[in-house]
Amino acid sequence: MPGVVGAAEQDLRNYTMPPHAASEPGVEHGADPPVAQLGPGPVPVVFLRGEVDFSNVVELQRLLHRVSANSRRVVVDMADTTFIDGSVLRVLAQIDARLDGGLKVRGANRFVTRVLTIVEMQHLLIESDPASVEP
Amino acid sequence: MTASMAPAPRALDHDAFVYSSDEEYTATLAPLVQAALDTGNEVFVVVSPEKETLLRRGLGSAADVVSWFDAVERYRHPVKTLAGYDAILRALPSGTPAFVVGEVEFGGDERSWREWTRYESIANAVLQHYPARVICPYDERSLPAAVIEQVARTHHHVVAGGERRLSNEYVGPMTCVHDLAIRPTLPSRAPDVMLDEDLTPLTARRAFVAAVGLSRVEDLRIAELSLGVTEIVTNAFLHGALPARFRLWLEPDRVVCAVEDSGVRPHDPLLGFWPRRAEAGGMGLWLTRQMFDHVELDASELGGLLVCLEAGFGGEPGR
């Protein structure tokens with residue numbers, strides 16, 4: 001895992017979602033803002049951790065909007081994602097449409113793979129190497 | 001033959017074919033399939049292995065250009081069956097006419113009959129824009145009268161005794177599905193889980209996983225079902241009103257959940273039956289209907305919507 005840095009926006013390559021950062025009062029969650037991490041690859045990677053649902057998907061949405069403003073490609077790393085709901089699917093579909101098919105998902109577990117398949121978004125899935133989405 | 005020669009239907013044409021002998025079955029369907037092939041249709045036949053044998057005999061070599069599917073596999077879960085037909089027809093080049101023989105497996109109890117009759121009606125809405133003629137054979141010898149009685153309400157045409165007539169009794173899916181509403185019956189005992197003031201999508205999901213985790217249900221299945229719970233509780237927050245509550249009953253062979261709110265109930269009886277993809281709204285209930293064996297909507301005593309979710313532990317149907 002690359003070190004956490006307070007890098008300028010244009011240097012950012014990898015981003016990390018904290019585990020269940022729900023925005024509802026009274027719900028247990030970490031209130032940390034998303035952590036930006038510098039990565040070595042040319043394609044930005046957003047790391048999505050833990051359970052992501054309607055209550056914290058806005059963090060993912062903001063990150064992906066920021067990243068997709070500066071890159072035609074983005075990889076969402078779901079190796080540590082344990083749960084997603086329909087709101088996550090909507091965000092992924094929105095950003096993928098905005099990037100003309102430039103969004104990919106790697107590291108999806110069986111559950112995420114199954115859900116993406118049900119909604120006919122399995123074309124987003126790639127093996128773990130982000131170089132495979134190079135233009 | 002070319003597709004341009006086909007008198008392509010501009011929208012769905014949905015026929016019921018009521019028959020009472022193997023001879024009638026083959027003598028009626030084989031010429032219709034042959035004519036569809038001759039006019040450039042893509043032909044899909046979804047029947048039981050026994051009926052496939054009959055039809056193949058009637059079709060001869062033409063059977064080889066038909067796409068065959070096993071009805072026993074395809075008719076397990078109405079919402080998945082609809083999604084399957086939607087995917088098949090959507091995959092065809094735009095404007096390609098399709099001819100489908102689909103013989104529903106109605107199952108052996110009254111709830112199943114009602115669910116599949118409802119399916120027949122919903123198909124008129126969900127598949128309405130496809131240039132397809134769908135013929136649904138109904139075997140009078142084995143199906144209960146309660147099922148046969150409904151065919152004229154759920155199909156545009158009825159083929160019987162060698163004649164095809166416009167159905168006068170046809171009613172639109174909105175009306176038919178409303179009439180066929182299945183009132184959920186919740187267990188009368190106290191629930192094993194109850195969340196109200198502390199209810200959120202997260203607390204409901206965690207309570208569900210903790211409770212069902214005690215049973216011998218596979219982790220992937222639990223995760224799928226927990227997605228359904230999440231979607232319905234999220235809907236209660238987004239579209240309903242507080243107070244809301246979540247109750248769960250764990251039984252040896254199934255789990256039953258009730259999600260209720262006190263908002264305004266939706267009036268669309270087709271809610272959550274349309275195959276939706278992520279870019280469209282209203283996907284949560286559709287996803288949930290796919291995950292659970294039974295999803296029924298009713299009025300809640302809280303004043304809003306009651307969504308009843310039920311899943312058996314005997315393996316997921318329709319996978």
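All of these numbers come straight from a predicted model, not from anything done at the bench. In what follows, chains are A, B, ... by sequence order, proteins preceding strands, each numbered from 1. Computed from heavy atoms alone, side chains included, the values below leave out hydrogens, waters and symmetry copies.
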The interface call for Val115(A) against chain B, heavy-atom contacts under 4.5 Å, is side chain

Original post:
Is the closest side-chain heavy-atom distance between Trp286(B) and Ile118(A) below 4.5 Å?
Top reply: yes

Taken in chain and number order and not counting sequence neighbours, the residues that satisfy ring pair (Phe, Tyr, Trp, His ring centres under 6.0 Å) with Trp116(B) are Tyr75(B), Tyr119(B)

Cut-off 4.5 Å, heavy atoms of chain B, and the answer for Ile84(A) is backbone

Tightest non-hydrogen contact, residues Phe111(A) and Leu227(B), listed as CZ-CB, 4.1 Å

Between Phe83(A) and Ala223(B) the two heavy atoms that sit nearest each other are CE1-O, 4.3 Å

I'd like to know if Arg205(B) pairs up with Asp53(A) as an ion pair, taking the criterion as any Lys NZ or Arg NE/NH1/NH2 lying under 4.0 Å from an Asp or Glu carboxylate oxygen. yes

More than 12 heavy atoms of other residues, nucleotides or ligands under 6.0 Å from CG of Asp268(B): yes or no?
yes

Sorted by chain and residue number, the salt bridge (Lys or Arg N to Asp or Glu O under 4.0 Å) partners of Arg245(B) (sequence neighbours excluded) come out as Glu260(B), Glu301(B)

When rounded to the nearest 0.5 Å, the distance separating OG of Ser87(A) from CD of Glu231(B) is 7.0 Å

Rounding to 0.5 Å, atoms CG (Asp86(B)) and CD (Glu120(A)) come to a distance of 7.0 Å

>> Are Pro201(B) and Phe54(A) packed together at the side-chain level, in the sense that at least one heavy-atom pair is separated by less than 4.5 angstrom?
In response: no

